[in-house]
Amino acid sequence: MLRSVWVDYARKGDPDVIFVGRLRDGEPAALVVRGFRPYFYVEAEDGFDPSRLEDLSGVVRVEEVERRHPYSGERVELYRVEVTYPKVVPKLREQVKELDGVKEVYEADIPFVRRAAIDLNVPPASEIDVSGLEEGSWSGLPAYFADAEEARELDHRPYPLDELVVASFDIEVLAEPGTTTKESSGPVISISFSYRTPDGERKNYVFTWKGEEAEFTVDGVETEVVVCESEAAMLREFVERFRRVDPDVVFTYNGDEFDLPYLKRRADRLGVDVDGLARPPGKRGIVIRPGAARQASDIFGRAHVDLYHTAQKNLKLERFTLEEAVRDVLGVDKEELELDEINEAWKRGDLEKLFRYSAEDAHYTLELGLELAQVELELSYLTRLPLPDAVRFSFGQLAEWRALYLARREGILAPNKPSRDEYERRRREAYKGAIVFEPEIGLHENVVCVDFASLYPNVMVHHNISPDTFDCDCCPEVTVEEADDPAEATVTPSVGHKFCRKREGFFPRLVKRLIKRRREYKARLREVDPDEEPKKYKLLDVRQQAYKVLANSYYGYMGWANARWYCRECAESVTAWGRYYIRKVREIAEEKYGLKVVYGDTDSLFLKLPDADLSETIDRVKEFLEYVNERLPVELELEDVYERILFVTKKKYAGYTTEGKIVTKGLEVVRRDWAPIARETQRRVLKRILEDNDPDAALKEIHRVLDRLRSGEVDLDELAVTSQLTKRPSEYVQKGPHVRAALRLARRLGTEPEPGTIVRYVIVRGPGSVSDKAYPVELAREEGKEPDIDYYIEHQILPAVERIMKALGYSRSQIVGETTSQKTLDQFMG
DNA sequence: GCGGACTGCTTACCT
DNA sequence: ACAGGTAAGCAGTCCGCG
């Protein structure tokens, strides 16, 4: 059993495909697959002479093959052009396109290793049964050899990450003033390194070249500070120790953009060889691939997992720093060292604290990885993408790669990516999405929330919505009104698109399988006691999550302008059926069960039974659910029961569940572009109203904050608004406060703010517009700027609390006024 | 010349 | 950069007024 973590191909001779990993007994090893070559497809006019392809230099073989067309589903005749080497594909592709009689070239843009993992059906991150294969060695590693046909027969399965040697590292550098981390080349002052073996052995290291050797523990793990002669010696020591630990998976936080490229740059400058990081040693240790948006950095023979991507995709944070991610996932308040603090501590020789923080960085990066990365491995397995790439890819890309894999298996030709023009054209064709019902504004008691389980995936499956079933020639038009069962209809309500009922579509089949497998995992999950077997439980849970995430991605995928299988009519039909079902159940709830819909969004309804208590309401809702679930192909479920719930506008509400949990959606409390003081005040007001049912106490909260603000004892941090730049400052048509603040900060640092930069700013006292008065927090503090208290009262606190109190029927004067009228909440209950 | 109404740009949320 | 629907702030312009 080889637990593979990495795939590459031999750069000399034939392009053998090499999977690197570790055997179950602990030995590093490789699987070498011979006899698989790059290829692409050519569609040509009748009478095209294939020898013209064979004559091109680099072409090994041309074969006539039959595939299924991705849109019509019909057979297409193609030439499969097999070539010598991955590098020749781009050139040949262009040459072939120029030939007379060639209509189109397909699948010529799929990187060779990914192509190989798909075609050989060997998931790059999986446990592969290599028993019985020819044994030998490859570049000094024990190796198993298979030809392409043998490889396709190998058994494989996903494995638990912590059964491998996992490690993490993080570097601290002295940044030169006025440079961004991207271009800085100041010295690396320390490297922290943390690892864990499958039998639970753990250790942290800090490698440095100043200060004193020391030992301490971080979170109970032994930590050693190793002081080297020089920076170069430190780099060599790190490489050596890393090599001896020999990790399979290496976690970093932003290693793609920072730690790995920086390390490489610095090592190159000092003449230190980092190729020892590779497995086997001697390969290129750090491989940097420039990307359109972000660059990728890999370590040969190991899986570099940059958790920054994982955090961005899976967590909802205000700022995506390691500290925030660690707090959110592990509940640990790790302190952050500012850039100048690092500089200062290093220069002063005040190093103890520095080393401790540095050790914590690697330690918690590893902890974070152990917590978050398993789902990435499952997604890597399902998409056949190498683990480091699966981590970097968006959900849309992951959905596409799974489709590419299954298309290959089913003999379906993959559509090409759209040209720039086509992409722009697609972007302009908007379509209707979900429906949001008007909320009954105000406070309600005993409200039950119901929602459809995986509405869009199920709609796709039940209505056979797919690029290859759209507008078929074989089925009659049957509208939902004509059909006995909605699932019998071929025509989508509201938009009128027709989908085939005779042949199952590619996407419905794909999504159905994901749903089915997920259901199986969930069933197995119910058999496991999380207290008895926490590891097993977690693994199964992560697995079902991966299936769910993927299944949920296909609706959005079909409407994505960049998708190979783009199908606007499909996406449009999914939302149309969604609207049909939610309207249908709303009608049944109201007309047949007397349940009032006080709000609803896309796939959910908030229901209330007038003049009834909680248990009556729940009983009625259950009867209703049973009725609709017997009659519709999609399943409606009871989601939450609210003791009290306040609807403010569409997409903004807050409720208190019978389980004692406050749920807040869309309100300022959950928005990072509102000042903490406004959010906190709104939170308190909501708590008073929902939990205590006491609006007077809510008013008192408001007055207390207003007093505190006026007294001037509020820290700038409480006033800081967080906002993100989505483009370069110069590209803005309208330079709002966050742009102006970013520009002020950039001017001070002598840099240009990049898209994605997160700005924290305050509005200070002075003349001009709000933007004129927006300063980054650091700058405002440094320059002793006073916050504009009137702004914060009028534009932050009051709007936030007014929205709540107005929904309860309070007027502005009642909110601001010193005395409050004694209105009771009951007057405003619907 | 003033001020409210309105529009467009922008962000961050919901499902 | 997987989708569309939505609220809301700020900047700038429009428009009516007499």
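All values derive from a computational prediction rather than experimental measurement. All chains are named by letter (A, B, ...) in the order of the sequence lines, taking the proteins before the strands, and each is independently numbered beginning at 1.
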How bent is the helix from B:dG1-C:dC17 to B:dT15-C:dA3, measuring the angle between the end axes built from five pairs each, rounded to 10°?
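Computed angle between terminal axes is 30°.
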
Mind calculating the distance between [atom1] ([X]) and [atom2] ([N]) to the nearest angstrom?
| X | N | atom1 | atom2 | result |
| --- | --- | --- | --- | --- |
| A:Tyr581 | B:dT15 | OH | C1' | 19 Å |
| A:Leu317 | B:dC13 | CG | C1' | 15 Å |
| A:Gln397 | C:dA3 | CD | P | 12 Å |
| A:Trp401 | C:dC2 | CH2 | P | 15 Å |
| A:Arg426 | C:dG4 | CZ | P | 13 Å |
| A:Gln312 | C:dC2 | CD | P | 12 Å |
| A:Ile435 | C:dT6 | CD1 | P | 8 Å |
| A:Arg392 | C:dC2 | CZ | P | 16 Å |

Carboxylate-amine/guanidinium contact [X] [Y], below 4.0 Å:
| X | Y | answer |
| --- | --- | --- |
| A:Arg683 | A:Glu680 | yes |
| A:Asp389 | A:Arg289 | yes |
| A:Glu422 | A:Lys417 | no |
| A:Glu107 | A:Arg408 | no |
| A:Glu438 | A:Lys650 | yes |
| A:Glu587 | A:Arg583 | no |
| A:Lys608 | A:Glu440 | no |

May I ask you to say what [X] touches in the nucleic acid, namely base, sugar-phosphate or nothing, with a heavy-atom cut-off under 4.0 Å?
| X | value |
| --- | --- |
| A:Gly396 | sugar-phosphate |
| A:Asp451 | nothing |
| A:Tyr791 | sugar-phosphate |
| A:Ala434 | sugar-phosphate |

Can you tell me if the side-chain N/O atoms of [X] get under 4.0 Å from OP1 or OP2 in [N]?
| X | N | answer |
| --- | --- | --- |
| A:Ser771 | C:dC10 | no |
| A:Asn562 | C:dA1 | yes |
| A:Arg803 | C:dA8 | yes |

Are A:Asp673 and A:His738 linked by a side-chain donor-acceptor pair shorter than 3.5 Å?
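No donor-acceptor contact under 3.5 Å links the two side chains.
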
Strictly by modelled atom types, are A:Ser769 and A:Asp772 linked by a side-chain donor-acceptor pair under 3.5 Å?
yes

With respect to A:His463, which candidate in A:Tyr581, A:Phe499, A:Tyr580 satisfies the ring-ring contact (aromatic ring centres under 6.0 Å, His included) definition?
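Of A:Tyr581, A:Phe499, A:Tyr580, ring-ring contact (aromatic ring centres under 6.0 Å, His included) with A:His463 is met by A:Tyr581 alone.
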
State whether the side chain of A:Asp328 and the backbone N or O of A:Glu324 hold a donor-acceptor pair below 3.5 Å, judged by distance alone.
no

Residue whose closest nucleotide on DNA chain C lies nearer the 5' end, A:Val648 versus A:Lys651:
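Upstream on the strand: A:Lys651.
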
Per-nucleotide protein contact along nucleotides 5-10 of chain B, 5' to 3', at a 4.0 Å heavy-atom cut-off (B base, S sugar-phosphate only, - neither), is ---BBS

Proximity to DNA chain B (any heavy atom under 4.0 Å), residues of residues 665-686 of chain A only
A:Lys665, A:Gly666, A:Val670, A:Arg671, A:Arg672, A:Asp673

